[in-house]
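Beneath this line is the structure, given in C-alpha cells, with notes to follow.
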Amino acid sequence: MKFKSLLCVIASAGLLANSATFAAEFGTADEAKAMLTKAAAAVKVDKAKALSEFAKGEGGFKDRDLYPFCGGPDGLFTAHPTLTGKSLKDLKDKTGKPLGEEIYATAKEGEVKEVSYMWPRPGQTDPVQKVSYVTKIGDQTCAVGYYK
C-alpha cells in the first residue's frame, strides 16, 4: 500500500513540474497586463525611445511570447518586432476577424481593456485563442497579448 502512495506522490510531482514548465514557457495574463502598464509609462516618459525599445525587444520589453506593440493615429504599427510600418488597423486574425479595427475601437486613454482573437503561437501555424490588453497613450494605441 505504501508503494502505491509513493507512486501517486511521484506522479503528482511530475505533473506539477510539467505544468510549471508549461507556465514558464509562455507569458501569463498578469504578466501581459504588467508589461502593458510598464510600456504605457515608458511611452509617457519618452515616446520615441519606448517605441524603439518595443520594436527591438529591449529594455525589458520582450519576455518569452510577451511584447508590446503600438499603432499610430494613421493606423500603422509604430512598434512591433516584425510589422513596424505595416497596417495595424487593417490586420485581421486567422478567422478573418478585423482585429486591428477592434483594437483601435476598444483602446481608451487611462483604461486597460481586452480584445480576444485567434493567432498562432510563435513558430506555429495553428491559431489558438489570444487576448491582448489594449490602452491608448496620447496618439499611440498599444497592446500586449498572451495566449490562453
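Position 1 is the first residue of the sequence; numbering continues from there.
- The shortest side-chain heavy-atom distance between Tyr67 and His80 falls under the 4.5 Å cut-off.
- In this structure, Lys136 and Glu109 have side chains that are in contact, with non-hydrogen atoms separated by less than 4.5 Å.
- For Gln124 (side chain) and Arg121 (main-chain N/O), no donor-acceptor pair under 3.5 Å exists by modelled atom type.
- Atom NZ of Lys92 has more than 12 heavy atoms from other residues, nucleotides or ligands within 6.0 Å.
- Of the candidates Thr82, Leu83, Leu51, Phe77 forms a side-chain contact (heavy atoms from CB on, under 4.5 Å) with just one, namely Leu83.
- A donor and an acceptor atom, one from each side chain of Thr95 and Asp93, are located under 3.5 Å apart.
- Between Thr141 and Ala107, the shortest heavy-atom contact is CG2-CB, 3.6 Å.
- The line from CG of Asp65 to OH of Tyr147 is 6.5 Å long, rounded to the nearest 0.5 Å.
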Show your reasoning for whether ring pair (Phe, Tyr, Trp, His ring centres under 6.0 Å) applies to Phe54 and Phe61.
CA-CA 6 Å; Phe54 301 168; Phe61 292 110; 4.7 Å; yes
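- In plain terms, the two heavy atoms of Gly59 and Lys38 that are nearest each other are O-NZ, 3.2 Å.
- Ring geometry, Tyr117 versus Trp119: the interplanar angle exceeds 60°, so the pair is classed perpendicular (tilted spans 30 to 60°).
- Closest of all the heavy-atom pairs between Pro127 and Met118 is O-CE, 3.7 Å.
- Between Leu66 and Tyr146, the shortest heavy-atom distance links the atoms CD2-CB, 3.9 Å.
- Separation of atoms OG1 (Thr78) and CZ (Phe69) is listed at 10.5 Å; rounding is to 0.5 Å.
- A distance of 7.0 Å separates CG in Leu99 from OG in Ser132, rounded to the nearest 0.5 Å.
- Using a 4.5 Å heavy-atom threshold, the side chains of Tyr133 and Lys113 count as separate.
- Between Asp63 and Met35, the closest side-chain pair of non-hydrogen atoms falls below 4.5 Å.
- Between Glu114 and Thr106, the shortest heavy-atom distance links the atoms O-CG2, 4.1 Å.
- Between Leu88 and Tyr104, the closest side-chain pair of non-hydrogen atoms falls below 4.5 Å.
- Neither side chain, Thr135 nor Glu111, offers a donor N or O lying under 3.5 Å from an acceptor on the other.
- Linking Ile, Leu, Val, Met, Phe, Trp and Tyr whenever their side-chain heavy atoms come within less than 4.5 Å puts Val144 and Val112 in one cluster.
- Ion pairing between a basic and an acidic side chain is recognised when a charged N comes within 4.0 Å of a carboxylate O; Glu25 and Arg64 show no such pairing.
- Between Ser87 and Leu76, some side-chain heavy-atom pair lies under the 4.5 Å cut-off.
- With salt bridges taken as basic N to acidic carboxylate O contacts below 4.0 Å, one links Asp139 and Lys47.
- Two residues are said to be in side-chain contact when any heavy atoms from C-beta on lie closer than 4.5 Å; Lys148 and Lys130 fail this criterion.
- In summary, of the residues considered (Leu91, Val134, Val115), a side-chain contact (heavy atoms from CB on, under 4.5 Å) with Glu102 occurs for Val115 alone.
- Pairing each heavy atom of Gln140 with each of Gly72, the nearest pair is NE2-CA, 3.8 Å.
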